[in-house]
Visitor: 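Mind looking over this structure? Questions follow.
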Amino acid sequence: VQLQASGGGLVQPGGSLRLSCAASGSISSINIMGWYRQAPGKQRGLVATLTKSGSTNYADSVKGRFTISRDNAKSTLYLQMTSLKPEDAAVYYCSAITLRNYWGQGTQVTVSS
């Protein structure tokens, strides 16, 4: 499985951004896809996950502001982020779990006025 993340950038506090993660390879073997983030000096942490059956899970810090979704026809995972806060700034990574965990390259999200 190969993952290609995109969509990061600079946004003002309160703004919105949509991240995309295009998957290729053995897509049918993916059980869970998700977004994680890592800020400078911090460990990588969960943002949101989406299972094959459609169940979602969100970190408490993003509930109500972020939405994870996918477009199966495009083999793409999305993360719609709204009401962004400075503390949301981080490198965002997409992941896919089959029998192992695959990671895409990160995409930088900067939240600053």
Visitor: Looking at T82 and R65, would you say the former's side chain and the latter's main chain have a donor-acceptor pair under 3.5 Å?
Guide: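 At least one qualifying donor-acceptor pair exists.
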Visitor: Using modelled atom types and a 3.5 Å cut-off, is there a donor and acceptor pairing between side-chain atoms of Q105 and backbone atoms of Q4?
Guide: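 No; judged by distance alone, with no hydrogens or angles, the pair does not exist.
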Visitor: Please round to the nearest 0.5 Å and tell me the distance separating atom CZ of R37 and atom CZ of R44.
Guide: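 Output value for this atom pair is 13.5 Å.
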Visitor: Within this structure, what is the OG1-CG distance for the pair T76 and L3, rounded to the nearest 0.5 Å?
Guide: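 With rounding to 0.5 Å, OG1 (T76) is 10.5 Å from CG (L3).
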Visitor: If you take all heavy atoms of S113 and Q12, which pair is closest and at what distance?
Guide: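 The answer is CA-CG, 4.5 Å.
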Visitor: How long is the span from the CZ atom in R70 to the CG atom in L79, to the nearest 0.5 Å?
Guide: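 One gets 14.5 Å once the value is rounded to the nearest 0.5 Å.
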Visitor: Group every Ile, Leu, Val, Met, Phe, Trp and Tyr by side-chain heavy-atom contacts under 4.5 Å, then state whether I68 and V109 land in the same group.
Guide: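 Yes, I68 and V109 fall within the same hydrophobic cluster.
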Visitor: Quick one: closest heavy-atom pair of D88 and S83, and the distance?
Guide: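 That would be OD2-O, 4.3 Å.
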Visitor: Indicate if L50 and I30 have the same hydrophobic cluster label, given that clusters are the connected sets of ILVMFWY residues with side-chain heavy-atom separations under 4.5 angstrom.
Guide: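 Per the 4.5 Å side-chain linkage, L50 and I30 are co-clustered.
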Visitor: Walk me through it: do T110 and S112 pass the test side chain to side chain donor-acceptor pair (under 3.5 Å)?
Guide: CA-CA 6 Å; T110 302; S112 175; over 6 Å; no
Visitor: Taking atom CH2 of W35 and atom OG of S95, what is their separation to the nearest 0.5 Å?
Guide: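 Rounded to the nearest 0.5 Å, the CH2-OG separation comes to 9.5 Å.
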Visitor: Tell me whether V62 is reachable from M33 by hopping between hydrophobic residues (I, L, V, M, F, W, Y) whose side-chain heavy atoms are closer than 4.5 Å.
Guide: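 As far as the 4.5 Å side-chain criterion goes, V62 and M33 are connected within one cluster.
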Visitor: Considering non-hydrogen atoms only, spot the tightest contact between V47 and Y92 and give its length.
Guide: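 For V47 and Y92, the tightest heavy-atom pair comes out as CG2-CE2, 4.1 Å.
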Visitor: Above 12 or not: heavy atoms from other molecules or residues under 6.0 Å from CD of Q43?
Guide: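 Check fails, neighbour count at 12 or below.
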Visitor: Heavy atoms, side chains only, cut-off 4.5 Å: are M81 and V11 in contact?
Guide: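 Of all side-chain heavy-atom pairs linking V11 with M81, none is under 4.5 Å.
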Visitor: How long is the span from the CG atom in L19 to the CZ atom in F66, to the nearest 0.5 Å?
Guide: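 Spacing of CG (L19) from CZ (F66) equals 8.0 Å.
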Visitor: So if you build clusters from Ile, Leu, Val, Met, Phe, Trp, Tyr with side-chain heavy-atom gaps below 4.5 Å, do V91 and L84 land together?
Guide: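 V91 and L84: separate clusters.
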Visitor: Return the minimal non-hydrogen interatomic distance between Q108 and A90, and the atom names on each side.
Guide: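 Scanning both residues, the minimum pair turns out to be NE2-O, 3.5 Å.
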Visitor: Using atom types as modelled and distance alone, determine if a side-chain donor or acceptor of K52 lies under 3.5 Å from a backbone N or O of S28.
Guide: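 Looks like yes, one N/O pair under 3.5 Å.
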Visitor: Are L10 and V111 grouped together when hydrophobic residues (ILVMFWY) are joined by side-chain heavy atoms under 4.5 angstrom apart?
Guide: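 L10 and V111: separate clusters.
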Visitor: Once you round to the nearest 0.5 Å, how far does CG of N57 lie from CG of L46?
Guide: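 Going from the CG atom of N57 to the CG atom of L46 covers 5.5 Å.
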Visitor: What closest approach, in Å, do S29 and V1 show between heavy atoms, and which atom pair accounts for it?
Guide: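 What the structure gives for the nearest pair is OG-CG2, 4.5 Å.
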